[in-house]
Amino acid sequence: MSSAIGVLGEYRALIEAGRLEADPAQTRAAERLDALWRRLRGYDPYPSKVVSHNGWLGRLLNRKRVDEAPDDYPSGLYLVGEVGHGKSMLMDLFFEQAEVKRKRRIHFHQFMQEVHARLHRVHRADMDVDPMEVIAASIAAEAALLCFDEFQVLDIGDGQILARLFEGLFSRAVVVVATSNTPPDDLLRGGTGCDLLRPFIDLLKRHLDVLVLEAARDYRRDRLRGIATWYAPANDDARKALDAIFANLAGGAIPRTEILRVFGRNLEVPIAANGVARFDFATLCARALGSGDFLAIATHFPTVLIDGIPKLLPSNFDQVRRFITLVDALYEHRVKLYASAAAPPSALYLAGEGTKLFERTLSRLEEMQSEAYATLAHLP
Ligand SMILES: Nc1ncnc2c1ncn2[C@@H]1O[C@H](COP(=O)(O)OP(=O)(O)O)[C@@H](O)[C@H]1O
Ligand SMILES: [Mg+2]
């Protein structure tokens, strides 16, 4: 471990080696992470012998709370920013460099599943102790440094579990570093019971410094430069191309269903990961969705993939109108669109009501395929 050169040193070395581009905002974040790296050299608040033999659980459970965390207990970091700005890359650099014996890095979604599984086990064991305390104690025994990728709170049920769990972790001097697309104050914003999350948000802000990363651009998207955005016809090859684009942009994140709030309703996004959403044409344009829904999608996701846009017919003008509204929303928010379709944009809608209106859609779709558009920042 003594060969570690720190976060800033490693970040600079990667730039020297041509593996990364220099980015002033990332450099500032690397400096903050470097300061924490320094403070954590050899960090071991409760030495491993305490936790490795019988009785460790009892000892951890009996340990007094917050007031017993060591005086030099350092704040963690909450790294927030848009997708592709290098949050995970920086946190991983930090994690690799960290000279902490007990350390753990995990995708937050996976961590949450693990917590639910542990809760289930503890409940079944029917011990005469507070289950959240048992779980916090065992997690703290395994790691004095916890790094979470893509921290988020899906619903208030999880929020309440997390509140108790994190209180238990912080009282055991566990240092938390997290990446997220959502600032703490916006966690669960607009969701059911979001006001109940306030104490947890305050707890997070007490123990984690919030660091906003505004890198020069979306570096992940850069890797797709020169890749086609419109695939016609919508055959198997097109589907595979969109699969690859999704996997590339998701960057290892696990695809799942996301729920957006639209005027107090839920809008289900069936496949989403790391700022990318994927829909069938029919899901978007053959159902009663409107501009509010499309606006929610366009502001929430920097990238949208649409499978199977058919040739549009005047007899189905509802679909045409929705598609026009959808493209307007995506375009106005600089969303990057990848699609498979029966035809190139210019041959999608040839005759009938609204062909004049469709000219603007066509021109927007064409612009959205350009290199220049690809470099524009998403407007959330
Ligand atoms: N300064 C940079 N120069 C070149 N590539 C970068 C830079 N910063 C990040 N990347 C790359 O861009 C991609 C996205 O970075 P990542 O850390 O996953 O973003 P985030 O977690 O913010 O979504 C990764 O492949 C990463 O290695
Ligand atoms: Mg990431």
Side-chain angles (χ1 to χ4, degrees), residues 76-81 83 87-88 91-92 95 102-125 130-172 174-208 210 250-261 266 268-277 300-301:
L77 274 177
Y78 189 101
L79 196 54
V80 62
V83 292
K87 300 181 296 296
S88 303
M91 188 179 75
D92 288 346
F95 182 77
R102 292 177 294 121
K103 60 177 181 177
R104 186 166 178 218
R105 185 242 193 243
I106 186 167
H107 192 274
F108 193 70
H109 185 59
Q110 200 184 333
F111 177 74
M112 211 55 228
Q113 287 178 338
E114 186 186 305
V115 169
H116 280 288
R118 285 193 198 218
L119 256 178
H120 189 68
R121 276 202 303 275
V122 176
H123 276 304
R124 276 214 332 220
D130 177 353
M132 280 330 294
E133 277 292 287
V134 176
I135 294 169
S138 62
I139 292 174
E142 290 156 12
L145 169 64
L146 273 174
C147 291
F148 294 119
D149 200 23
E150 303 200 2
F151 184 90
Q152 64 191 142
V153 180
L154 292 184
D155 55 48
I156 189 60
D158 276 4
Q160 278 169 335
I161 290 173
L162 286 169
R164 311 252 340 267
L165 176 61
F166 273 56
E167 203 180 306
L169 295 176
F170 292 142
S171 74
R172 291 174 177 85
V174 173
V175 173
V176 170
V177 175
T179 75
S180 182
N181 295 322
T182 314
D185 285 324
D186 292 348
L187 289 166
L188 209 61
R189 171 157 287 179
T192 313
C194 64
D195 43 328
L196 296 175
L197 198 67
R198 198 68 242 174
F200 176 56
I201 292 173
D202 293 338
L203 178 76
L204 275 183
K205 284 161 67 175
R206 266 201 311 283
H207 288 279
L208 272 60
V210 178
I254 307 149
R256 55 182 188 79
T257 302
E258 266 192 52
I259 308 289
L260 303 182
R261 296 290 292 172
N266 283 342
E268 189 178 296
V269 179
I271 306 176
N274 213 359
V276 199
H300 193 80
F301 294 103

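Values below: every heavy atom of this structure, side chains too, minus hydrogens, waters and symmetry copies.
Shortest non-hydrogen contact noted between Phe200 and Ala163 is CD1-CA, 3.5 Å. Between Ala136 and Leu169, the shortest heavy-atom distance links the atoms O-CD2, 3.7 Å. For Lys87 against Gly81, the heavy-atom pair with the smallest separation is NZ-O, 3.1 Å. The shortest heavy-atom contact between Val134 and Val122 is CG1-CG2, 4.2 Å. Across all non-hydrogen atoms, the minimal contact from Ala273 to Pro255 is CB-CA, 3.9 Å. Between Leu119 and Pro131, the shortest heavy-atom contact is CD2-CB, 4.0 Å.
To the nearest 0.5 Å, atom CG of residue Asp158 and atom CG of residue Leu188 are 9.5 Å apart. With rounding to the nearest 0.5 Å, the separation of CZ in Phe166 from CG in Leu204 is 6.5 Å. Separation of atoms CD1 (Ile156) and SG (Cys194) is listed at 8.0 Å; rounding is to 0.5 Å.
Checked by atom type and distance alone, the side chain of Arg164 never pairs as donor or acceptor with a backbone atom of Gln160 at under 3.5 Å. For Lys103 (side chain) and Phe95 (main-chain N/O), a donor-acceptor pair under 3.5 Å exists by modelled atom type. Listed for the Arg102 side chain is a donor-acceptor partner under 3.5 Å among the backbone atoms of Ala140. Between the side chain of Asp186 and the backbone N or O of Arg189, no donor-acceptor pair lies under 3.5 Å. No donor-acceptor pair closer than 3.5 Å links the side chain of Thr179 to the backbone N or O of Asp149.
The side-chain heavy atoms of Ile106 and Phe148, taken from C-beta on, include a pair separated by under 4.5 Å. Looking only at side-chain heavy atoms (C-beta outward), Gln152 and Asn181 stay at 4.5 Å or farther from each other. Residues Val177 and Arg105 form no side-chain contact, since every pair of their non-hydrogen atoms from C-beta on lies 4.5 Å or further apart. Counting heavy atoms from C-beta on, the side chains of Ile135 and Leu165 come closer than 4.5 Å. No side-chain heavy atom of Val176 sits less than 4.5 Å from a side-chain heavy atom of Phe151. Residues Thr257 and Val269 are not in side-chain contact: their nearest non-hydrogen atoms beyond the backbone lie 4.5 Å or more apart. Residues Arg104 and Leu145 fail the side-chain proximity criterion, which asks for heavy atoms closer than 4.5 Å. Two residues are said to be in side-chain contact when any heavy atoms from C-beta on lie closer than 4.5 Å; Val153 and Thr182 fail this criterion.
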**Request:** Take Arg172 and Glu133, measure what salt bridge (charged side-chain N to carboxylate O under 4.0 Å, His left out) needs, and give me the verdict at the end.
**Result:** CA-CA 11 Å; Arg172 291 174 177 85; Glu133 277 292 287; 3.1 Å; yes

**Request:** Please test Arg256 against Leu154 for side chain to side chain contact (heavy atoms under 4.5 Å, CB included), starting from the C-alpha separation and ending with a verdict.
**Result:** CA-CA 11 Å; Arg256 55 182 188 79; Leu154 292 184; 3.6 Å; yes

**Request:** Determine, stepwise, if the pair Asp155 / Thr192 fulfils side chain to side chain contact (heavy atoms under 4.5 Å, CB included).
**Result:** CA-CA 7 Å; Asp155 55 48; Thr192 313; over 6 Å; no

**Request:** Check step by step if side chain to side chain contact (heavy atoms under 4.5 Å, CB included) holds for Val80 and Val210.
**Result:** CA-CA 7 Å; Val80 62; Val210 178; 4.1 Å; yes

**Request:** Show the numbers, then the answer: is there a side chain to side chain contact (heavy atoms under 4.5 Å, CB included) between Leu146 and Ile139?
**Result:** CA-CA 9 Å; Leu146 273 174; Ile139 292 174; 3.8 Å; yes

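With His116 as the partner, the side chain to side chain contact (heavy atoms under 4.5 Å, CB included) test is satisfied by one option alone out of Arg118, Met112, Glu114, His120: Met112.
The residues Asp185 and Arg198 are annotated as salt-bridged, a charged nitrogen and a carboxylate oxygen being separated by less than 4.0 angstrom.
Using modelled atom types and a 3.5 Å distance limit, the side chains of His300 and Glu258 yield a donor-acceptor pair.
Ring orientation note: the planes of Phe170 and His207 are close to parallel, at an angle under 30° on the 30°/60° scale.
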